[in-house]
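Data block below; observations after.
Atoms within each ligand, like the ligands themselves, are counted from 1 in listed order. The figures here come from the full heavy-atom set of this structure, side chains too, leaving out hydrogens, waters and symmetry mates.
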Amino acid sequence: MIVECRNIYKNYTTGKLEVPVLKDVNFSMEEGEYVAIMGPSGSGKSTLMNLIGCLDLPSSGRILIDGQDVSKCSSNELADVRLYKLGFVFQTFQLLAGQTALQNVELPLTYAHVPRARRRELAEEALGRVGLSDRMSFMPNQLSGGQKQRVAIARAIVNHPKLLLADEPTGALDSASGRQVMELFQKLNDEGVSVLMITHDREIAGRARRMAEIRDGILTLTEMEGREK
Ligand code: ADP
Ligand code: MG
């Protein structure tokens, strides 16, 4: 299993008020799978994604990433899981404005202390995989929304992660570039990368073999009948 969530609860405390957001979420995903998560705004989708992405810890319950129990990890260990096992793609790209596409993609490798020449080689390869070999020296503000998201995807895959997490990656894109970005996730999944994707779009979710739906912090799973991976 690439992801296992067992009896996950997440509460946020604001002032004296404890707000339950995730309620006994159980979810698992095998390596190589493509799973879509849907649900209305405020239902807890990003909260779950951030827990699986090791950006936050559950209030209770266990999360295993590639067999490793991350609910017990120190913040340094969590950073390593993020760096070596996960790639994260956000709705708003989260690129550094003052850095070229290539430098943005190199960033995780810098954290991983990869030597400069190798860093460049890997970043060029990742930009090639997303079809942006001709945009490597462009700054983010010289790129279209779809191109920015493809740079963000290149950054997410540059370390060859086992699991790609995407939180509404087409939410800020027009439908044509959204479609391109979705095709890219499909291609990466065909190449063996596990994909967990949050989306509002039923058509997009329909491409996944399994779908999870969150309502009010409760997750239910649906198998998509007759759909090949
Ligand atoms: P979704 O991604 O499905 O729109 P979220 O997971 O972002 O939903 O949020 C779920 C609920 O948790 C919302 O009611 C939101 O206000 C609350 N929430 C999210 N993050 C925090 C936080 N850091 N502190 C307090 N409440 C939060
Ligand atoms: Mg969200």
Side-chain angles (χ1 to χ4, degrees), residues 2-29 33-65 70-71 73-75 78-79 81-82 86-95 145-146 148-153 155-156 161 163-175 177-179 181-182 184-185 194-208 210-222 224:
I2 187 71
V3 178
E4 277 183 85
C5 296
R6 298 190 194 145
N7 310 106
I8 298 300
Y9 288 80
K10 179 68 180 176
N11 309 323
Y12 285 115
T13 314
T14 38
K16 283 186 178 164
L17 204 65
E18 179 122 318
V19 184
V21 174
L22 296 177
K23 302 159 188 168
D24 199 18
V25 167
N26 286 282
F27 169 75
S28 60
M29 208 177 137
E33 265 198 289
Y34 189 147
V35 179
I37 298 183
M38 296 196 72
S41 180
S43 56
K45 303 182 298 296
S46 294
T47 300
L48 178 62
M49 197 64 124
N50 291 343
L51 295 178
I52 295 173
C54 298
L55 296 168
D56 199 0
L57 289 169
S59 304
S60 67
R62 300 215 301 159
I63 298 181
L64 288 87
I65 303 293
V70 294
S71 21
C73 283
S74 68
S75 55
L78 288 177
V81 175
R82 286 200 302 272
L86 305 176
F88 215 123
V89 178
F90 303 91
Q91 181 173 354
T92 51
F93 326 128
Q94 311 281 1
L95 300 177
K148 281 185 221 179
Q149 193 60 300
R150 279 150 64 200
V151 172
I153 294 169
R155 179 183 56 191
L163 174 63
L164 202 47
L165 302 169
D167 191 346
E168 301 194 43
T170 63
L173 301 178
D174 62 84
S175 52
S177 25
R179 215 170 301 124
V181 160
M182 292 311 301
L184 190 50
F185 279 107
S194 318
V195 176
L196 179 60
M197 158 136 358
I198 295 177
T199 178
H200 271 305
D201 190 324
R202 272 212 175 260
E203 191 194 333
I204 288 172
R207 297 185 187 198
R210 285 201 302 153
M211 208 180 88
E213 206 151 2
I214 302 188
R215 279 184 187 274
D216 210 10
I218 294 168
L219 180 141
T220 48
L221 274 167
T222 320
M224 310 298 273

Test log, rule side-chain contact (heavy atoms from CB on, under 4.5 Å), inputs M49 and E168: CA-CA 11 Å; M49 197 64 124; E168 301 194 43; over 6 Å; no
Evaluation steps, side-chain contact (heavy atoms from CB on, under 4.5 Å), between V151 and F93: CA-CA 8 Å; V151 172; F93 326 128; over 6 Å; no
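With respect to E4, the side chain to side chain contact (heavy atoms under 4.5 Å, CB included) criterion is satisfied by exactly one of I52, N26, I63, L64: L64.
Listed by chain and number, Y12, T14, V21, P40, S41, G42, S43, G44, K45, S46, T47 each place a non-hydrogen atom less than 4.0 angstrom from ligand 1.
Rounded to the nearest 0.5 angstrom, L48 CG and I37 CD1 are separated by 5.0 Å.
Only protein N, O or S atoms were considered, and those under 2.8 Å from the Mg ion (ligand 2) are S46 OG.
By the salt bridge (Lys or Arg N to Asp or Glu O under 4.0 Å) test, R179 pairs with no residue at all, sequence neighbours left out. Considering only residues two or more places apart in sequence or on other chains, D216 meets the salt bridge (Lys or Arg N to Asp or Glu O under 4.0 Å) condition with K23.
In terms of heavy atoms, F90 sits closest to Q149 at O-NE2, 2.8 Å. What you find for S194 and M29 is that their closest heavy atoms are CB-CE, 3.9 Å.
Side-chain contact between D167 and V89 is absent, with no heavy-atom pair separated by less than 4.5 Å.
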